[in-house]
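Notes for the one structure printed next.
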Amino acid sequence: MADTRRVVTEKTKSAQSQWDISVLDIVANNNPRHPLSQELQDQGWVLFNTGEGRSVWDLATSPDPEKRAEYVKLIDDFDPEIRSMAVTLITQGQLQPIEVRESGSGTFAVVFGARRVLARLYNWCATGQPAIPKLRAVLFKGNDTEAFHRSIVENIRKAPTPIEEAHAWKRMLNNGETKAQIAENFGVSLSTIDNRLKLLKLPEKDQQAVHTGTKSVA
């Protein structure tokens with residue numbers, strides 16, 4: 001299979017202002033939620049190569065067939081929900097567009113829909129077809145804060161854990177929002193925000209226990 005990682009995205013505008021974009025032109029994920037299963041996270045896998053773990057993206061988009069096969073096996077063994085989504089893409093098509101932001105030079109960052117992207121990559125790695133894997137997408141043109149809020153609201157795969165909330169709110173504070181603004185936007189009290197942020201001061205093993213639900217917030 002030819003290396004198509006640098007293929008320029010072909011945009012085909014539809015009547016619903018949606019676009020077909022090459023999955024291989026996605027270079028980042030704006031959603032603070034980790035898109036991989038807990039089993040893959042526990043093994044040190046991350047989506048993109050940020051220096052904090054092993055990147056499944058590097059495997060799935062590699063020109064090396066053995067690495068793409070390794071990606072398929074990882075999903076088969078440790079993230080059956082993505083595999084199920086991949087089957088749905090084949091049997092029913094893409095039921096909902098992903099949402100992306102333009103990152104420049106024909107590349108995109110996912111605002112929501114990262115797991116659908118991983119499902120499309122699964123099918124591509126498993127079959128080699130089509131030559132350029134594409135997904136239907138909607139372009140988001142808001143500012144960084146609006147995109148961040150949208151990514152949290154739209155990703156409803158499951159309710160965020162207290163640790164995920166803590167990381168999200170810390171990132172918002174770093175982006176210039178106040179605690180009062182966060183409290184109003186999410187319908188929580190200032191004390192709730194403070195308590196979530198305190199969780200990030202716990203040892204990593206205790207944060208992980210809270211994240212997985214084996215230890216309560218209290």
Side-chain angles (χ1 to χ4, degrees), residues 1-37 40 45-50 55-63 65 67-72 74-76 79-142 146-158:
M1 185 186 304
D3 182 3
T4 57
R5 297 168 72 181
R6 302 303 302 168
V7 172
V8 176
T9 296
E10 175 189 346
K11 297 179 181 179
T12 306
K13 194 170 185 180
S14 73
Q16 293 74 36
S17 297
Q18 297 173 7
W19 306 75
D20 290 334
I21 68 169
S22 168
V23 173
L24 303 180
D25 286 331
I26 295 174
V27 298
N29 177 35
N30 282 171
N31 200 298
R33 173 168 292 156
H34 203 305
L36 300 177
S37 68
L40 289 176
W45 289 101
V46 294
L47 182 53
F48 291 100
N49 188 355
T50 59
S55 166
V56 296
W57 197 267
D58 286 351
L59 288 181
T61 61
S62 171
K67 290 186 177 180
R68 294 196 298 273
E70 182 181 351
Y71 172 74
V72 171
L74 279 176
I75 298 303
D76 283 341
D79 205 330
E81 183 178 313
I82 288 181
R83 184 179 59 197
S84 177
M85 293 173 69
V87 172
T88 298
L89 284 172
I90 292 175
T91 59
Q92 301 181 38
Q94 185 181 345
L95 301 178
Q96 181 182 9
I98 63 172
E99 189 157 331
V100 298
R101 300 184 74 196
E102 291 184 308
S103 297
S105 301
T107 61
F108 302 90
V110 178
V111 176
F112 75 92
R115 287 178 67 79
R116 273 168 280 164
V117 175
L118 291 171
R120 176 66 80 198
L121 282 174
Y122 175 93
N123 288 337
W124 183 67
C125 289
T127 68
Q129 299 295 327
I132 303 176
K134 296 181 180 180
L135 278 174
R136 194 167 64 255
V138 175
L139 290 175
F140 181 85
K141 297 183 179 180
E146 291 169 336
F148 190 66
H149 280 227
R150 183 66 174 271
S151 69
I152 293 174
V153 171
E154 292 292 346
N155 190 342
I156 56 173
R157 176 167 58 92
K158 61 179 181 179

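Just so you know, these numbers use all the heavy atoms, side chains as well, and skip hydrogens, waters and symmetry mates. Along the sequence shown, residues carry numbers from 1.
Scanning all heavy atoms of the two residues, the minimum distance from R116 to P97 falls at NH1-O, 2.9 Å. The heavy-atom pair separating R136 from L95 by the smallest distance is NH2-C, 4.1 Å. In this structure, N29 and V110 approach most closely via the heavy-atom pair OD1-O, 3.5 Å. In this structure, R120 and L135 approach most closely via the heavy-atom pair NE-CD2, 3.6 Å.
Considering only residues two or more places apart in sequence or on other chains, A137 meets the side chain to side chain contact (heavy atoms under 4.5 Å, CB included) condition with I21, I98, V100. Among residues two or more places apart in sequence or in another chain, the side chain to side chain contact (heavy atoms under 4.5 Å, CB included) test is passed with S103 by V27, T107, A109. The side chain to side chain contact (heavy atoms under 4.5 Å, CB included) test applied to A119 returns I82, M85, A86, L89, not counting sequence neighbours.
Using a 4.0 Å cut-off between a side-chain N of Lys or Arg and a carboxylate O of Asp or Glu, K67 and D58 do not qualify as a salt bridge.
Using a distance-only test at 3.5 Å, with no hydrogens or angles considered, no donor-acceptor pair links the side chain of S55 to the main chain of V46. With hydrogens and angles disregarded, a donor-acceptor distance shorter than 3.5 Å links the side chain of W124 to the backbone of P130. In terms of modelled atom types and a separation under 3.5 Å, the side chain of D20 and the main chain of K134 share no donor-acceptor contact.
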Derivation and outcome, side-chain contact (heavy atoms from CB on, under 4.5 Å), residues L118 and L47: CA-CA 9 Å; L118 291 171; L47 182 53; 3.5 Å; yes

